[in-house]
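Right, one structure below, let's go through it.
Excluded from the calculations below are hydrogen atoms, water molecules and symmetry mates; all remaining heavy atoms, backbone and side chain alike, are included. Chain A is the first sequence line, chain B the second, and so forth, proteins listed ahead of strands; every chain is numbered from 1.
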Amino acid sequence: MYSTIKEEITSLLHEALLKAEEKGMLPPIGKSINIPLETPRYPSHGDLSSSIAFLLTQGSSARPIEVAHSLVGLIQIDKELVGHLEVAGRGFINFFIAPSRLHRFLREFDEMPLPDIGKGRRVLIEFVSSNPTGPLHVGHGRGAVLGDVLANLLEATGFKAEREYYINDVGNQIQALGRSLKARYLELLGVEHEWPEDGYQGEYLIEIARALLEERKDGCQDFPVDFFAEYALGHITEEMKTTLLNFGVRFDHWISEKGLYKMGTLNKTIQDLKERGYIYEQEGAFWFRASLFGDEKDRVLIRETGEPTYFAGDLAYHLNKYKRGYDRLINIWGQDHHGYAPRIKAAISAFGYSKDTLDILLYQMVSLLRDGKPVAMSTRRGEFVTLSEILEEVGRDAARFYYLMQSSRAHLDFDLELAKQKSTDNPVYYVQYAHARISSIFAQASKRGIRLPPAKEVNLSLLNLKEELEIITKLETLREEITNCVINYEIHRLTTYLIELVSKFHSYYKHHRIISQDLAKTAARLILVRTVQMTIKKVLGLLGISAPERM
RNA sequence: GCGCCCGUAGCUCAACUGGACAGAGCGACUGACUACGAAUCAGUAGGCCGGAGGUUCGAAUCCUCUCGGGCGCUCCA
């Protein structure tokens, strides 16, 4: 099993700590102490730096710098790992990685899998799940990319991840959708009709009405609203599937709310809750005692009218997910649903599932900007730019990268002009360019009849320039970076990683020849840039973005 | 009114989850293509991390207050 440089140095520190405890130099702190070790901002502070001495002296009169020195005295330096180390500042311990350790990383790169974090555990990611009353727009795009990339990351790190879309195909808004389509249909026939008060005014319904007319001629005037609702739903979900596929997002399951009702899931769930004593009747409605489980108040499950609320269906749905045997559930929601989280968490704990098994990843709202000005959007009024239009205008790669560049916790301005610019304004091309550039180095090499031997047969110690060692160091941190992404759901870090890596490469390329008369050095450098290329490709792949050979 | 999130360079955003001197890109201004792709590189300018207190060896990061923006607070979904 491969261990990272960081893990290896951490264990050096760990051993030194144990020794110090044995010798009575330190009070026993317990072996479980979390040893801080991080990449410092400044290269002069080493490749990795630990502030452990500060931690150890907290609350005592001991001086960090002295503790640091004694610890350093106890560290068994492995010359193949650490070039040298020093105590600096007021007590930091700085490690400088031995070049030979970096060379070993390159040599073994091909056989190095990503860390197995999941160990085969099954995770269900539910995302997008937009109401099927109209086309997808920018906001849904953000959820779609986040969910898709998170699923990719989980799969790459040993989880068994499945993607799911929950279709809310019942309820008031679906009725409104049906009435709206019927109105449009009658309109096309020139029949006198009233426009429904809560109708959906978007153009898309006119198109769907035309399709219906084409298919069924004028025989549907007296059909019930349900018929029209069904027809509209079919069209809209098909459209959504197509858009998502164009965006590179594929779902394993499309779950219909109506389907769950038909299976009796809802009734069973409510019955079950009743037996557990978490339901009471008041003012003609049935309430769930959510406040017993951390929600701020109780919630209605069955309305006075006898109809279930959306929450009731969602509760049944979540229970259904658990019954399908997943170890962990992830829901990706827009920030506008955050108030809903305690409710659904209360529901699952009422059924005995730990709240920790459901992670709700919230992303902030997205505004669409054109010419620097926000574009107002409303599904109901039919004013919006669809995701499909954005994709057409910006392109899949650029759109995905744009979404992924910033933390999901921050509000996102999707600026159409910025996103589609083919310049360094748009880092996606900066990254892809590096990949294409390396391809062309290899084209050049083969034109000159150079063939690249396996890394094991190349003298990698010829890679001793500062820039070269920095690039390898950066390559080596990928595993850690990915681990952090998976654990903290901070996907935007991968785009930052790529930009940093690629910037080091471009600079190196500009200043040093890869292919030269010196065959041994050429081979070593080719191994280096090939590893850079493979890394770019790997990460872009996780982000669902192509890695072109030329552009 | 209550709750959640966000305020960092002119603009869009980072900052390894409490570490050492605050980091990129764009925009502005200089410079670099007769050897592997200039969608690139090298450099200059730009900051009271919204504000005020506090916690400690150390704060953009944690706590309190405050100002500004977003989103919630339905028998809507």
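When the side-chain nitrogen and oxygen atoms of Arg409(A) are compared with OP1 and OP2 of C6(B), one or more of them lie within a distance under 4.0 Å.
Each of A35(B), A15(B), A38(B) was ranked by its minimum atom distance to the side chain of His492(A); first place goes to A15(B). Candidate nucleotides A14(B), C41(B), C57(B) were compared by shortest atom distance to the side chain of Gln406(A), and A14(B) ranks first. Out of G58(B), A38(B), A20(B), the shortest distance to the side chain of Asn94(A) is found at A20(B).
Every pair passing salt bridge (charged side-chain N to carboxylate O under 4.0 Å, His left out) that includes a residue from residues 395-414 of chain A is listed here, sequence neighbours excluded: Asp148(A)-Arg400(A). Annotation: side-chain hydrogen bond (donor to acceptor under 3.5 Å, both in side chains) contacts involving residues 494-506 of chain A, sequence neighbours excluded, comprise Arg437(A)-His506(A), Lys474(A)-Glu500(A).
In textbook terms, a nucleotide whose glycosidic angle is within 90° of 0 is syn, and C33(B) is one such case.
The cationic atom of Arg530(A) (NZ for Lys, CZ for Arg) does not lie both less than 6.0 Å from the six-membered ring centre of Phe442(A) and within 45° of the ring axis.
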Item to complete: Determine, for nucleotides 67-77 of chain B in 5'-to-3' order, which nucleotides have protein heavy atoms under 4.0 Å from the base (write B), from only the sugar-phosphate (write S), or from neither (write -).
Response: ---BBSSSBSB

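Counting to the nearest Å, the P atom of A14(B) and the CZ atom of Arg41(A) are 15 Å from each other.
Evaluation of the side chain to side chain contact (heavy atoms under 4.5 Å, CB included) rule for Ala68(A) yields Ala53(A), Val87(A), Ile93(A) as partners, not counting sequence neighbours. Scored by the side chain to side chain contact (heavy atoms under 4.5 Å, CB included) test, Asn484(A) finds Glu480(A), Asn488(A), Arg493(A) as partners (sequence neighbours excluded).
Rounded to whole Å, the separation between the C1' atoms of G70(B) and U64(B) comes to 23 Å. Straight-line distance between the P atoms of A22(B) and G27(B): roughly 26 Å, to the nearest whole Å. For the C1' atom pair drawn from G18(B) and A60(B), the interatomic distance equals 11 Å after rounding to whole Å. Nucleotides C71(B) and A77(B), compared at atom C1', are 16 Å apart to the nearest Å. Between the P atoms of A45(B) and G54(B), the separation comes to 35 Å (whole Å). Of the P atoms belonging to G69(B) and U61(B), the separation is 22 Å, rounded to the nearest Å. For the C1' atoms, the distance from A38(B) to G31(B) is 13 Å, rounded to whole Å.
For RNA chain B, the neighbouring residues in residues 502-509 of chain A, judged by any heavy atom under 4.0 Å, are His506(A), Ser507(A), Tyr509(A).
By the 5.5 angstrom centroid cut-off and the 30-degree plane limit, Phe92(A) is classified as stacked against the base of A20(B).
One N or O on the side chain of Asn94(A) and one on the backbone of His45(A) form a donor-acceptor pair closer than 3.5 Å.
The environment of CZ in Arg550(A) is sparse: at most 12 heavy-atom neighbours from other residues, nucleotides or ligands sit within 6.0 Å.
Note on Glu500(A): nothing from the nucleic acid sits closer than 4.0 angstrom, heavy atoms only.
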